Amino acid sequence: MRWSRLFIPTLREDPAEAEVISHKLLLRAGYIRQLAAGIYNYLFLARRSLNRIVQIVREEMDAIGAQEMLLPALNPAEIWQESGRWEIMGNDMFRLKDRNGHDLCLGMTHEEVMTVIARNELHSYKQLPQIWYQIQTKFRDEPRPRSGLMRVRQFIMKDSYSFDMDAAGLDQAYQKHYDAYCRIFSRCGLQYLAVEAHTGAMGGSLSHEFMVKSPAGEDWVVECPKCGYSANLEKAVSRPAPPQAPDPEGDLSPEEFHTPGRKTIAEVAEFTNLPETSQIKSLVMVAKGEPVLVLLRGDHQLSETKFAAAVGTSDFRPAHPEEIVNWFGASAGSLGPVGVKNMRILADLALEGRRNMIAGANRDDYHLRHVTPGEDFEAQFSDLRHAASGDACVECGGEITLSKAIEIGHIFKLGYRYSDSMGVRVLNAEGKEVTPIMGCYGIGIERILTAAVELYADADGMALPTAIAPFHVVITPVNLGDAAQREAAEKIYQECLDAGVDALLDDRDERPGVKFKDADLIGIPYRITVGKKLAQGKVELVTRRGKQTAEVEAANAARCVAERVQLDLRG
RNA sequence: CGGGGCGUAGCGCAGCCUGGUAGCGCGCCUGCCUUGGGCGCAGGAGGCCGGCAGUUCGAAUCUGCCCGCCCCGACCA
């Protein structure tokens, strides 16, 4: 295509509203424009890039025997009421009424619709297994849309659903997806990792997330460089680093001491001259209206996900200051477990076996020393804390690391959650009714583009992987006024097209600097510069990522690019 | 939803405190000039100053309400 005829509205300056790299660059490079919070226009370049991503996803899904469908985004309330998610989804779901006053919603995911199809059409074990998928727009009224395309209210998702006779069948469907996802993300040129994930609102037993490490990410992943263990921080387990000071020996009894004005763990540590690891941190949560005292080692952080699992509800919040005074007779900063009888006490595993620690005395400005879990108070022990860098891997003892990451895909073993509640039944070989087991699997299409931009951006713009770039090569005649250059560029352009290379001819009557800057900005992987050296029959082949320049014969330029592109796409 | 910030030309910003009818850079249009990293010169177009109400002789500027956007926290592809 000819640049002079295309709509590629590049910007010289960073738009004020953009904070993260991918957001700035997608706007500056003319890929996207914002319409409202979390709602974007995908302009010409973005559409081309997303089309390529979609095509790769489609090929790999088809390759595992998945069948593409297209389901309506507009859903009747009834099916969501049936699964119970009409209420559960709360404000995250866009809802509307039709002219007759019937409730409708915009689909945020399609378990319900797929399950309805399965219920109506699947009757026999002979029809299973099935894998159905679609690539379709999803709507979620996010509490806080963010960071350009990272977190939006309308986005494209590849979602697939598997139906199997038994858990072994589900294992296979899950593994097929796992492998397909690896191929998809590799082909898209991403450096990614698969991590164990929390199953969240989806329910189900096993789940992996596919992550691209990036400072712009919204998730944290824990990795063990030694054995390869990796998990989302929400899910990750680790062995805590040992306490920084040994516990005092002996069968000591709790003993109150004055700590005037010392409220935080750090202040008490400084005052007592003992490390934070010697303290018991006391947090008060209110779960389903009931107070719960949560105990952690002083230097540890509460994982709300693990806490939710421990109390069996996600309906919880930190206690209000008045409630705390009411229940404890003291304020936050002087709380502890000793003598607490009016609420459930949960303690993190890192406190198990510890002796003679420091805790709040439930009296303002006083703490206790010599507090021993299990002797001076009773608690239920479970894993409640976030893994932290410096912890040891539970598998191999290696030191774990934490990194921020962008979630690009997620696979779940759903189990019977939907097939059961919505009544999918098929007859097995013995003629008995059984409920199929399900899995569901998602990929955020825009997130692949976003992650690629984040991963490969430099000071001049994006440097997209060939497989997902909107064009493979841009041909840039330096001086259009020079007939020889103009004609050579035209010729190379034609030869590229003939060789199956997606070429963009920058035939704009602009100064060379403008063309170079724009080409760099929009991230086309290769550039052929037709300039002065044409007099010697030569042109330049510039690789966007890394900016290496090679001189090639003008006559060979198209072939050189074609070879490189082929090599890249094989990746 | 809680907390913080912002809204003036297509983009980036100044003006607002101390009211007097809007300015800069980039981009855009025309002409000349130039052509290897966002050239130069000359001329020009473009703004209900987010909206509504109030104060005032007079409001971008002061007051109130509303709307929108961004960032930080609880959700997820």
Side-chain angles (χ1 to χ4, degrees), chain A residues 9-20 23 27-28 30 33-39 57 88-93 108-109 135-160 181 197-202 207 209-212 217-219 232 234 304-305 308 314-318 406-412 440-451 459-461 476-482 485-486 508-521 527 529-534 539-540 542 547 549:
Chain A
T10 57
L11 267 19
R12 295 195 180 207
E13 283 171 287
D14 285 336
E17 76 262 23
E19 202 93 347
V20 304
H23 190 195
L27 286 167
R28 275 194 61 203
R33 287 294 184 263
Q34 186 179 46
L35 186 61
I39 304 178
V57 170
I88 292 172
M89 289 307 192
N91 287 332
D92 289 353
M93 188 149 75
M108 354 188 355
T109 172
I135 298 168
Q136 184 232 28
T137 301
K138 301 288 187 241
F139 299 88
R140 296 184 184 176
D141 195 358
E142 289 289 339
R144 187 153 93 80
R146 213 192 328 241
S147 309
L149 294 191
M150 196 85 76
R151 168 158 242 88
V152 289
R153 296 196 290 173
Q154 169 174 346
F155 62 99
I156 305 167
M157 179 158 101
K158 187 290 297 177
D159 48 321
S160 45
Y181 277 34
H198 175 66
T199 48
M202 287 299 196
S207 166
E209 285 167 327
F210 291 80
M211 298 287 208
V212 172
E218 301 182 306
D219 284 273
N232 191 305
E234 291 182 333
E304 301 202 346
T305 313
S314 53
D315 171 21
F316 63 85
R317 59 170 172 84
I406 302 168
E407 182 187 356
I408 52 175
H410 201 162
I411 59 179
F412 294 91
C440 72
Y441 318 87
I443 292 179
I445 301 295
E446 293 93 332
R447 288 243 180 121
I448 293 180
L449 174 59
T450 305
D460 294 314
T476 309
V478 170
N479 182 359
L480 267 192
D482 180 328
Q485 286 186 21
R486 202 173 57 229
R508 295 176 298 167
D509 186 15
E510 290 283 356
R511 303 200 30 106
V514 172
K515 297 195 203 183
F516 294 149
K517 289 284 185 192
D518 274 346
D520 288 349
L521 181 60
R527 185 178 84 218
T529 308
V530 181
K532 288 185 299 227
K533 293 171 192 151
L534 186 64
V539 297
E540 282 169 11
V542 185
K547 293 279 181 65
T549 301

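Below, all heavy atoms of this structure are taken into account, side chains as well, without hydrogens, waters or symmetry copies. Since this is a predicted model, take the numbers as computed values, not measurements. To find a chain, count down the sequence lines: A is the first, B the second, and so on, and within it residues start at 1.
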Novice: Categorize A:N91 for me: base, sugar-phosphate, or nothing, with a 4.0 angstrom heavy-atom threshold over every strand shown.
Specialist: nothing
Novice: Considering only nitrogen or oxygen atoms on both sides, find all protein atoms under 3.5 Å from nucleotides 6-14 of chain B and state each distance.
Specialist:
unit_1, atom_1, unit_2, atom_2, d
B:rG12, OP1, A:A16, N, 2.8

Novice: Just call it for A:R151: base, sugar-phosphate, or nothing, with non-hydrogen atoms closer than 4.0 Å on any strand.
Specialist: base
Novice: Once you apply the 3.5 Å cut-off to both distances, tell me the Watson-Crick or G-U wobble partner of B:rU18, or none.
Specialist: none
Novice: Checking all strands, does A:E540 fall into the base, sugar-phosphate, or nothing category for heavy-atom contacts under 4.0 angstrom?
Specialist: base
Novice: By side chain to side chain contact (heavy atoms under 4.5 Å, CB included), which residues pair with A:D520, not counting sequence neighbours?
Specialist: A:D460, A:R527, A:R544, A:K547
Novice: Under 3.5 Å, side-chain donor or acceptor atoms of residues 440-449 of chain A against the rest of the protein: list the pairs with distances, not counting sequence neighbours.
Specialist:
unit_1, atom_1, unit_2, atom_2, d
A:Y441, OH, A:S162, OG, 2.7
A:E446, OE1, A:I156, N, 2.9
A:E446, OE2, A:Y42, OH, 2.5
A:E446, OE2, A:I156, N, 2.8
A:R447, NE, A:M150, O, 2.7
A:R447, NH1, A:E407, O, 2.8
A:R447, NH2, A:M150, O, 3.0

Novice: Which one, B:rC39, B:rC70, B:rC71, comes nearest to the side chain of A:R511?
Specialist: B:rC39
Novice: Using a heavy-atom cut-off of under 4.0 Å over every strand shown, decide if A:Q34 touches base, sugar-phosphate, or nothing.
Specialist: sugar-phosphate
Novice: Any donor-acceptor pair under 3.5 Å between the side chain of A:D92 and the base of B:rC76?
Specialist: no
Novice: Taking only N and O in the side chain of A:R144, is any of them less than 4.0 Å away from OP1 or OP2 of B:rC1?
Specialist: no
Novice: Is B:rC48 paired to anything, Watson-Crick or G-U wobble with both distances less than 3.5 Å, and if yes, which nucleotide?
Specialist: none
Novice: For A:A18, answer base if it contacts any base atom (sugar-phosphate contacts may also be present), sugar-phosphate if it contacts only those atoms, and nothing otherwise; contact means non-hydrogen atoms under 4.0 Å.
Specialist: nothing
Novice: Taking A:R28 for its side chain and A:D14 for its backbone only, find out whether a donor-acceptor pair lies under 3.5 Å.
Specialist: no
Novice: With both distances under 3.5 angstrom, what nucleotide forms a Watson-Crick or G-U wobble pair with B:rA42?
Specialist: B:rU30
Novice: So A:S147, base contact, sugar-phosphate only, or nothing? Heavy-atom distance under 4.0 Å.
Specialist: sugar-phosphate
Novice: State which residues pass salt bridge (Lys or Arg N to Asp or Glu O under 4.0 Å) with A:D219; sequence neighbours excluded, sorted by chain then number.
Specialist: none
Novice: Would you say whether A:F516 stacks on B:rG36? The test is a distance between ring centres of less than 5.5 Å and an angle between planes of less than 30°.
Specialist: no
Novice: Keeping the roles fixed (side chain from A:R153, backbone from A:D141), state whether a donor-acceptor pair exists under 3.5 Å.
Specialist: no
Novice: How do A:F210 and A:L480 order along RNA chain B: which one's closest nucleotide is nearer the 5' end?
Specialist: A:L480
Novice: Considering every strand and a 4.0 Å limit on heavy-atom distances, what is the contact class for A:R33: base, sugar-phosphate, or nothing?
Specialist: nothing
Novice: So, for A:G531 and A:V478, which heavy atoms are closest and what is the spacing to 0.1 Å?
Specialist: CA-CG2, 3.8 Å
Novice: In the strands shown, is B:rG2 matched to any nucleotide by a Watson-Crick or G-U wobble pair with both distances under 3.5 Å, and which?
Specialist: B:rC72
Novice: Test your reading of the model: is there a side-chain donor-acceptor pair from A:E142 to the backbone of A:R144, 3.5 Å cut-off?
Specialist: no
Novice: Have a look at A:R28 and say if it touches a base, only the backbone sugar-phosphate, or nothing, with a 4.0 Å heavy-atom cut-off.
Specialist: base
Novice: Report yes or no: does A:K515 contribute a side-chain atom to a donor-acceptor pair with the main-chain N or O of A:R508 at less than 3.5 Å?
Specialist: yes
Novice: Closest to the A:D520 side chain: B:rG36, B:rC71, B:rG37?
Specialist: B:rG37
Novice: For A:D219, report the nucleic acid contact type (base, sugar-phosphate, nothing); a contact means any heavy atom under 4.0 Å.
Specialist: base
Novice: Holding to salt bridge (Lys or Arg N to Asp or Glu O under 4.0 Å), I want the full list of residues that pass it with A:K138, two or more places apart in sequence or in another chain.
Specialist: A:D159
Novice: Report yes or no: is there a donor-acceptor pair, N or O only, under 3.5 Å between the side chain of A:R508 and the base of B:rG38?
Specialist: no
Novice: Each nucleotide in nucleotides 27-33 of chain B should get exactly one letter: B, S or -. Can you fill that in based on protein heavy atoms under 4.0 Å?
Specialist: S------
Novice: Taking the nucleotide of RNA chain B with the closest heavy atom to each, which residue, A:R153 or A:D460, is nearer the 5' end?
Specialist: A:D460
Novice: Nearest to the A:K517 side chain among B:rG36, B:rA77, B:rG38, which nucleotide is it?
Specialist: B:rG38
Novice: Check whether any side-chain N or O of A:S207 sits under 3.5 Å from a backbone N or O of A:I411 as a donor-acceptor pair, and report yes or no.
Specialist: yes
Novice: Which base sits across from B:rC24 as a Watson-Crick or G-U pair, both distances under 3.5 Å?
Specialist: B:rG12
Novice: Using modelled atom types and a 3.5 Å cut-off, is there a donor and acceptor pairing between side-chain atoms of A:R33 and backbone atoms of A:L27?
Specialist: yes
Novice: Nearest to the A:L521 side chain among B:rA77, B:rG36, B:rG38, which nucleotide is it?
Specialist: B:rG38
Novice: Would you mind classifying the nucleic acid contact of A:V542 as base, sugar-phosphate or nothing, using non-hydrogen atoms under 4.0 angstrom?
Specialist: nothing
Novice: Checking all strands, does A:G531 fall into the base, sugar-phosphate, or nothing category for heavy-atom contacts under 4.0 angstrom?
Specialist: base
